[in-house]
Amino acid sequence: MALWRGSAYAGFLALAVGCVFLLEPELPGSALRSLWSSLCLGPAPAPPGPVSPEGRLAAAWDALIVRPVRRWRRVAVGVNACVDVVLSGVKLLQALGLSPGNGKDHSILHSRNDLEEAFIHFMGKGAAAERFFSDKETFHDIAQVASEFPGAQHYVGGNAALIGQKFAANSDLKVVTSISDIPTGIPVHLELASMTNRELMSSIVHQVFPAVTSLGLNEQELLFLTQSASGPHSSLSSWNGVPDVGMVSDILFWILKEHGRSKSRASDLTRIHFHTLVYHILATVDGHWANQLAAVAAGARVAGTQACATETIDTSRVSLRAPQEFMTSHSEAGSRIVLNPNKPVVEWHREGISFHFTPVLVCKDPIRTVGLGDAISAEGLFYSEVHPHY
């Protein structure tokens, strides 16, 4: 009887320790080892599940990403398609007979030398860029050299075409030529592209934004937008490395507060999906969207899988490079956030606007990044749920 009673006590103690693991998985390992040793039950077992930050984050995403209750049934896409030619930029410059020189940004490209300078300028910043090429013949010569380069890959390109591909297997698609072709009350998503004409961007902000429901953009487009419309942090000439989360949050807040839907403003804009290399943010006006936690996680997850050309996240091929801590605002007294891979989506609120932040698992040796922003926005939309009043 005494032997049985002792076994029972040991069983209950083991069960209690197991509950500690389940209920407090982030309890310091030293505390757990001390507890286990004090019970004289032998070496402490290793905690279950993946141990790397990347592995824990990917597992947490998989648990968070769920389909919305109300799914998209019909999706209309605009007429915007092209052929993306993917090859090494350095090798293309060599094939064009260009040698490395000094980098310089050009708002419009007029020659091969302009292309070389702009390429070196943005490659040094690790940033993507799009520029208009004014000389038609020179542009076609460069495009032909790129297309015929050994090993060059050809893909369907264009925002509408790429987003349409994502929805094609899950919704009825309709091609439209302009926003005016879409019936009133139907949500519309606008994916911005890089531009250098401030007057044009300002016109888009004031005339187009009120007609769309959702917006997708990257760090270059966001900064140029606030510079063009005299928004927050518009004096910043360029991002210094990773875009500051608090600054990005301030600009997203300003867009929705000044140009989004409100009781006093006839605007449909209620959602912005911001994506940069190491993190994403979804900002929404309260009361209009659901499942945004899953949506922002899904967009970040597809960034890692598409860049690495894998079906699922391969934790050996990605790295967590997002800021380990950050402020949610610099325009007001924001909160200080410390990143936790076990809880990868962080949520905060500001005057009727909700923010969902998640890091990205960045592919160490990317296979394909062309069209990645469109894939991110499409995945985020696919997992988003718009409220019925649309």
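- Between D62 and R301, at least one side-chain nitrogen of the basic residue sits less than 4.0 Å from a carboxylate oxygen of the acidic one, meeting the salt-bridge criterion.
- Contacts classified as side chain to side chain donor-acceptor pair (under 3.5 Å) and involving residues 308-317 (residues at least two apart or in different chains) are given here: D314-S316.
- Heavy-atom contacts from other residues, nucleotides or ligands closer than 6.0 Å to NZ of K104 number 12 or fewer.
- At least one side-chain heavy atom of D374 sits under 4.5 Å from a side-chain heavy atom of E191.
- For S331, the side chain to side chain contact (heavy atoms under 4.5 Å, CB included) test picks out H233, D250, S329, R350, with sequence neighbours left out.
- Separation of the F326 and F357 ring centroids falls under the 6.0 Å cut-off.
- A146 pairs by the side chain to side chain contact (heavy atoms under 4.5 Å, CB included) definition with V85, L87, L92, not counting sequence neighbours.
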* To do: May I have the step-by-step check of ring pair (Phe, Tyr, Trp, His ring centres under 6.0 Å) for H206 and H259, ending in yes or no?
  => CA-CA 7 Å; H206 292 94; H259 304 284; 5.3 Å; yes
* To do: Quick one: do D114 and R131 satisfy salt bridge (Lys or Arg N to Asp or Glu O under 4.0 Å)? Show the steps, please.
  => CA-CA 10 Å; D114 287 354; R131 292 293 182 264; over 6 Å; no
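- Partner of S377 under the side-chain contact (heavy atoms from CB on, under 4.5 Å) criterion, chosen from K166, H275, H280: H275.
- Judged by a 6.0 Å distance limit and a 45° cone about the ring axis, R368 is positioned over the six-membered ring of Y155.
- Hydrophobic clustering of Ile, Leu, Val, Met, Phe, Trp and Tyr side chains at less than 4.5 Å, counting indirect connections, keeps M327 apart from F253.
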